[in-house]
Amino acid sequence: MSNHLIEDLVESSICVLHEAAGERRLRDHFAALYRFQEGQDCSFTRFRVQDILLEHGFSFRFELPAHPEYDGRRAFFDGVREFTALAEPAEEDRDDDAWLDQGYIDPPYLYCETGTALWRTMIERGAISGSDAAPPRRLRLVEVVREIVDAAAISGDIELIALWHAQGCTALLDDEVWMEPAPEIPALAAIRDVALRTGAVSHPLPEGYRPPQWFIEDDDIESWWAGADESAAID
């Protein structure tokens, strides 16, 4: 599965959620999507949708002198000429996104993201306040994807629904331990229903993106997920 396809999938999902959001703030939805992307072999793609991330309080942008260490390291900060992450090099046992913990510079601005160490420091300094300073909630990916496919169905973006459905149950459940059988998980069943109703299960996708037919037929959950028991057309 192409990492570029995953990057595009996350970007399109953020745009669809944003368009459907109204006054809702979606920072926790975006965090769930980026956790999913960071589990793949993907590049840093925040700047594709940075204006949306800023609007929803997922990202924050400052002038460089706002950094708490600027006065003591002015030569360093003023000398940055390209994208630079400010965290120490990640250790092997750290999270994939730990390199973002101290923020990053994309000249001429400093950025930080919700939930990071720099975000907390900016709250303490009064640079971030109100609802932007509220602790982030960790949303389950499957719940976020349910909202994405609902919005995509309204906008007619069948490919986006198909791309998420093709990720499969395991990916959408985000490696969490679930006590319920897959068909009894409401969000998962709702995503499947939208995919079947819109014909997304048979929408053309790049070769190899969906599991092969023999794999679907040999697995009860995959067969249910693909709608094989309802005579849905499957590529």
Side-chain angles (χ1 to χ4, degrees), residues 1-18 20 26-42 45 95-97 136-235:
M1 199 174 295
S2 170
N3 59 349
H4 297 298
L5 286 174
I6 296 296
E7 293 166 2
D8 293 346
L9 173 62
V10 170
E11 177 187 357
S12 297
S13 297
I14 286 172
C15 291
V16 164
L17 285 173
H18 170 65
L26 298 171
R27 65 167 193 179
D28 300 324
H29 294 66
F30 299 161
L33 289 171
Y34 282 123
R35 282 195 300 273
F36 167 74
Q37 179 171 308
E38 285 152 9
Q40 317 291 323
D41 183 16
C42 294
T45 60
D95 294 338
D96 289 342
D97 60 351
R137 297 180 300 135
R138 187 179 180 92
L139 299 182
R140 286 173 162 170
L141 178 64
V142 68
E143 299 289 353
V144 175
V145 174
R146 178 180 185 172
E147 293 192 41
I148 293 167
V149 299
D150 284 344
I154 293 171
S155 67
D157 193 342
I158 306 306
E159 181 175 53
L160 184 57
I161 301 169
L163 288 168
W164 275 115
H165 179 267
Q167 295 298 315
C169 299
T170 301
L172 297 186
L173 295 179
D174 206 21
D175 296 326
E176 295 185 48
V177 177
W178 294 78
M179 301 304 294
E180 309 94 326
E184 296 178 17
I185 298 172
L188 200 63
I191 294 167
R192 171 186 178 271
D193 289 348
V194 171
L196 290 174
R197 173 169 52 82
T198 60
V201 292
S202 58
H203 185 84
L205 292 177
E207 184 177 357
Y209 201 90
R210 286 193 178 97
Q213 184 69 27
W214 62 262
F215 179 77
I216 293 173
E217 293 174 348
D218 289 348
D219 186 282
D220 289 343
I221 295 300
E222 291 293 338
S223 181
W224 167 80
W225 181 244
D229 57 338
E230 299 183 22
S231 301
I234 306 169
D235 284 350

Undergrad: Pairing donors with acceptors under 3.5 angstrom, does anything connect the side chains of Gln37 and Thr45?
TA: yes
Undergrad: At what distance, to the nearest 0.5 angstrom, does CG of Asp8 lie from CG of Asn3?
TA: 9.5 Å
Undergrad: For residues Gln167 and Val145, determine if any side-chain heavy atom of one lies less than 4.5 Å from a side-chain heavy atom of the other.
TA: no
Undergrad: Donor-acceptor check, side chain of Arg210 to backbone of Val201, threshold 3.5 angstrom: yes or no?
TA: yes
Undergrad: Check residues 151-159 and write down every donor-acceptor pair under 3.5 Å in which the side-chain atom is one partner and the other belongs to a residue at least two apart or another chain.
TA:
residue, atom, partner, partner atom, Å
Ser155, OG, Ala151, O, 3.4
Ser155, OG, Ala152, O, 3.2
Asp157, OD1, Leu160, N, 3.1

Undergrad: Using a 4.5 Å cut-off on heavy atoms from C-beta on, say whether the side chain of His203 contacts that of His165.
TA: no
Undergrad: Would you indicate whether the side-chain heavy atoms of Leu188 and Pro183 approach each other to under 4.5 Å?
TA: no
Undergrad: Is there a side-chain contact between Ile14 and Tyr34, using heavy atoms and a 4.5 Å cut-off?
TA: yes
Undergrad: Give, for atom NE2 of His4 and atom CG of Asp41, the distance between the pair rounded to the nearest 0.5 Å.
TA: 9.0 Å
Undergrad: Mind checking what makes salt bridge (Lys or Arg N to Asp or Glu O under 4.0 Å) contact with Arg197, not counting sequence neighbours?
TA: none
Undergrad: Taking the side chain as every heavy atom from C-beta outward, state whether Ile185 and Glu180 have any atom pair closer than 4.5 Å.
TA: yes
Undergrad: Which residues satisfy the side chain to side chain donor-acceptor pair (under 3.5 Å) test with Glu147, sequence neighbours excluded?
TA: Arg24, His29
Undergrad: Quickly, which of Asp28, Leu26, Leu33 forms a side chain to side chain contact (heavy atoms under 4.5 Å, CB included) with Val144? Name it, please.
TA: Leu33
Undergrad: Do Trp164 and Ile148 come within less than 4.5 Å of each other through their side chains, counting heavy atoms only?
TA: yes
Undergrad: Look up atom CZ in Arg146 and atom CG in Leu141, then write down how far apart they are to the nearest 0.5 Å.
TA: 14.0 Å
Undergrad: Do the side chains of Asp219 and Trp225 get nearer than 4.5 Å, heavy atoms only?
TA: no
